[in-house]
Amino acid sequence: MKKKIVIIGGGTAGITTAAMLKNKSLNFEISIIDPSEDHYYQPLWTLVGGGIFNKEKSMKKMKDVIPSGTTWIQDSVKTFDPESNSVYLNEQTDPITYDYLIICPGIQIDWDKVEGLREAMGKNGVCSNYDYNYVDYTWKFIQKTKSGNALFTYPNTPIKCGGAPQKIMYLAEEFFRKVNQRNNINVEFVTAGERVFGVQKYREALERIIKDREINTSFNLNLTKVDGQNNIAFFTNVKTGEIVEKEYNLLHAVPPMSAPDFIKESPISDNAGWVDVDKFTLQHNKYKNIFSLGDASSLPTSKTGAAIRKEAPVLVNNLVLFDQGKELIHKYNGYTSCPLVTGYSKVIMAEFDYDGNPLESFPFDQSKESYSMFLAKKYGIPFMYWNAMLNGYTG
């Protein structure tokens with residue numbers, strides 16, 4: 001009989017992994033559990049927020065990206081029972097059983113952990129690129145901002161695409177210059193972190209850009225409340241607990257994020273709530289027939305689609321070896337990539353590993369702004385995503 005692989009999540013990680021497994025033509029029966037009707041290429045939302053693309057270009061129907069020969073179970077997960085190799089769903093009464101479980105439901109966006117944020121969204125200059133339903137507001141409010149404070153926030157939690165909160169700031173700043181409003185607008189990056197980027201080589205490049213473009217920075221400040229009616233953002237200093245108020249005309253808010261609740265509350269999570277896997281093999285540290293990749297995993301790297309491109313082959317090959325009773329020899333080195341959009345024709349292509357060492361793919365200094373990398377971000381990577389990666393070809 002065919003062994004059953006159940007994949008939790010039909011996002012980038014789930015579809016790519018399922019397609020890679022199907023391409024190997026192995027004796028597996030593969031099911032994907034995901035409640036969504038739609039599949040999103042979320043990296044495009046920066047360019048949507050900057051007025052470059054319509055958001056519809058980032059979406060396809062889930063039924064059109066599910067790999068042929070796999071079963072799509074359109075439901076959401078309630079909990080796991082790894083002792084009996086079972087997954088319990090919210091709508092379906094009977095549990096789904098598996099021989100192997102791959103967990104990759106993505107990250108949970110906790111809008112309600114910032115008081116007043118959800119209620120303020122789409123009104124009085126409050127926007128965010130972190131939701132398909134909200135991303136249109138970003139471009140709308142960038143165009144409407146003529147003076148005052150334009151604030152761009154970064155929370156005190158892990159987030160998907162750690163560079164995205166800055167990318168939209170650089171696009172907005174350039175747009176303000178183009179329409180001759182920049183002198184009237186204070187552009188400010190307000191982050192709960194201590195620096196603008198984690199990897200030194202790229203951080204130094206971004207700090208130069210911030211200085212040259214006269215962007216202000218505030219560190220150790222976490223957005224905790226939005227008073228939309230009075231256009232005031234409240235931040236908590238993560239070191240002192242002090243409350244800092246900032247007025248805004250434009251507020252691009254990045255909400256806090258975490259592992260999905262059904263993972264945090266299950267026996268397969270680590271102390272921080274993420275799926276507890278070995279950072280090299282992607283195999284669960286306790287339940288050896290469980291693997292995980294992507295944003296919900298405990299892998300200590302930036303949560304990007306580019307990371308998944310390198311994680312998926314390691315996971316698939318190790319799962320096959322495990323099924324054959326062999327040693328898991330494939331290792332993931334933490335590779336991730338972040339195309340840091342710094343303007344309407346410029347990108348710094350950051351690529352690095354677990355230790356923050358640059359792992360650059362091109363024969364030039366990728367910490368320098370590049371038009372060719374902007375074209376890759378705008379056209380090349382989306383094309384490869386839809387036509388290669390989701391078909392199981394990651395290069």
Side-chain angles (χ1 to χ4, degrees), residues 36 38 40 42-59 107-157 159-161 164-182 184-192 215-218 221-236 243-258 341:
S36 303
D38 303 317
Y40 300 105
Q42 298 179 42
L44 207 65
W45 291 348
T46 287
L47 302 184
V48 173
I52 296 172
F53 285 122
N54 294 324
K55 68 180 182 181
E56 287 76 16
K57 287 186 175 291
S58 71
M59 186 268 285
I107 202 166
Q108 176 174 285
I109 299 185
D110 297 319
W111 295 101
D112 295 326
K113 288 186 178 178
V114 177
E115 182 182 347
L117 177 57
R118 190 188 293 272
E119 293 79 9
M121 192 61 59
K123 306 168 188 173
N124 301 318
V126 181
C127 57
S128 180
N129 285 351
Y130 276 87
D131 191 288
Y132 183 80
N133 296 314
Y134 298 154
V135 66
D136 285 340
Y137 295 125
T138 303
W139 178 232
K140 173 184 176 182
F141 290 144
I142 286 174
Q143 293 177 92
K144 290 180 67 175
T145 302
K146 307 298 181 184
S147 63
N149 293 324
L151 306 181
F152 298 83
T153 76
Y154 192 112
N156 66 338
T157 66
I159 64 171
K160 50 186 171 183
C161 192
Q166 286 181 70
K167 298 176 193 181
I168 191 60
M169 176 180 69
Y170 298 126
L171 290 174
E173 195 276 339
E174 183 171 319
F175 177 80
F176 297 151
R177 290 186 185 274
K178 286 181 178 179
V179 296
N180 298 315
Q181 299 291 349
R182 181 64 175 91
N184 303 319
I185 300 171
N186 167 51
V187 178
E188 185 173 355
F189 185 53
V190 190
T191 173
I215 295 170
N216 291 312
T217 53
S218 294
L221 294 182
N222 183 47
L223 180 68
T224 49
K225 179 181 176 181
V226 176
D227 180 349
Q229 291 186 333
N230 294 300
N231 289 70
I232 301 174
F234 295 81
F235 298 86
T236 300
I243 304 300
V244 177
E245 298 181 19
K246 291 180 179 288
E247 295 183 358
Y248 64 83
N249 298 77
L250 170 67
L251 174 66
H252 180 269
V254 178
M257 303 180 200
S258 65
V341 178

Inset, instruction - Please check if any side-chain donor atom of Asp227 sits under 3.5 Å from a side-chain acceptor atom of Gln229, or the reverse. - result: no
Inset, instruction - For residues Glu188 and Ser218, determine if any side-chain heavy atom of one lies less than 4.5 Å from a side-chain heavy atom of the other. - result: yes
Inset, instruction - Please round to the nearest 0.5 Å and tell me the distance separating atom CD of Glu173 and atom CG of Leu171. - result: 10.0 Å
Inset, instruction - Check whether any side-chain heavy atom of Leu251 lies under 4.5 Å from a side-chain heavy atom of Thr153, and answer yes or no. - result: yes
Inset, instruction - Starting from the C-alpha separation in whole Å, work towards a yes-or-no answer on side chain to side chain contact (heavy atoms under 4.5 Å, CB included) for Ile159 and Ile107. - result: CA-CA 8 Å; Ile159 64 171; Ile107 202 166; 5.6 Å; no
Inset, instruction - Keeping the roles fixed (side chain from Tyr130, backbone from Lys160), state whether a donor-acceptor pair exists under 3.5 Å. - result: yes
Legend entry - Main-chain N/O of Asn222 paired to Asn156 side chain as donor or acceptor, under 3.5 Å: no
Inset, instruction - Please lay out, stage by stage, how Leu221 and Lys246 fare under the test side chain to side chain contact (heavy atoms under 4.5 Å, CB included). - result: CA-CA 11 Å; Leu221 294 182; Lys246 291 180 179 288; 3.9 Å; yes
Legend entry - Closest contact, heavy atoms only, Val341 versus Tyr170: O-CD1, 3.3 Å
Inset, instruction - Hey, could you give me the CE/CD1 distance between Met257 and Ile109, rounded to the nearest 0.5 Å? - result: 4.5 Å
Inset, instruction - Check Pro165 against Tyr154 and note the closest heavy-atom contact, atom names and distance. - result: CG-CD1, 3.5 Å
Legend entry - Val48 and Asn129, any side-chain heavy atoms less than 4.5 Å apart: no
Inset, instruction - State, to 0.1 Å, how close Ala233 and Leu151 come at their nearest heavy-atom pair, and which atoms those are. - result: CB-CD1, 4.4 Å
Inset, instruction - Quick one: pull up CZ in Phe152 and OG1 in Thr191 and give me the separation to the nearest 0.5 Å. - result: 14.0 Å
Inset, instruction - Count the heavy atoms of every other residue, nucleotide or ligand shown that sit under 6.0 Å from NZ of Lys178, and state whether that count exceeds 12. - result: yes
Inset, instruction - For the residue pair Trp111 and Tyr134, categorise the inter-ring angle as parallel (less than 30°), tilted (30 to 60°) or perpendicular (more than 60°). - result: perpendicular
Legend entry - Rounded distance (nearest 0.5 Å) linking atom NZ of Lys167 with atom OG1 of Thr46: 5.0 Å
Legend entry - Residues Gln181 and Thr145: side-chain donor-acceptor under 3.5 angstrom: no
Legend entry - Any Ser58 side-chain heavy atom under 4.5 Å of Trp45 side chain: yes
Legend entry - Chi angles and distances behind the side chain to side chain contact (heavy atoms under 4.5 Å, CB included) call for Phe234, Thr236: CA-CA 7 Å; Phe234 295 81; Thr236 300; over 6 Å; no
Inset, instruction - Quick one: closest heavy-atom pair of Ala150 and Ile185, and the distance? - result: CB-CG2, 3.9 Å
Inset, instruction - Please say whether the positively charged group of Lys55, taken as NZ for Lys or CZ for Arg, lies over the ring of Tyr132, i.e. under 6.0 angstrom from the six-membered ring centre and within 45 degrees of the axis. - result: yes
Inset, instruction - Flag yes if more than 12 heavy atoms outside Glu119 fall under 6.0 Å of its CD atom; otherwise flag no. - result: yes
Legend entry - Validation row: Tyr248, Val190 side chains within 4.5 angstrom (heavy atoms): no
Inset, instruction - Mind listing the closest non-hydrogen atom pair of Gln143 and Phe175 along with its distance? - result: CA-CE2, 3.8 Å
Inset, instruction - May I ask you to check whether over 12 heavy atoms, not counting those of Tyr137, lie within 6.0 Å of atom OH? - result: no
Inset, instruction - Nearest 0.5 Å please: distance from the CG atom of Asp110 over to the CG atom of Leu117. - result: 11.5 Å
Legend entry - Closest contact, heavy atoms only, Asn124 versus Phe141: N-CZ, 4.3 Å
Legend entry - Backbone of Asn249 reached by a side-chain donor or acceptor of Asn231 within 3.5 Å: no
Inset, instruction - Could you grab the distance from atom CG of Leu250 to atom OG1 of Thr138, nearest 0.5 Å is fine? - result: 8.0 Å
Legend entry - Neighbour count >12 (heavy atoms, 6.0 Å) for atom CG, Asn184: yes
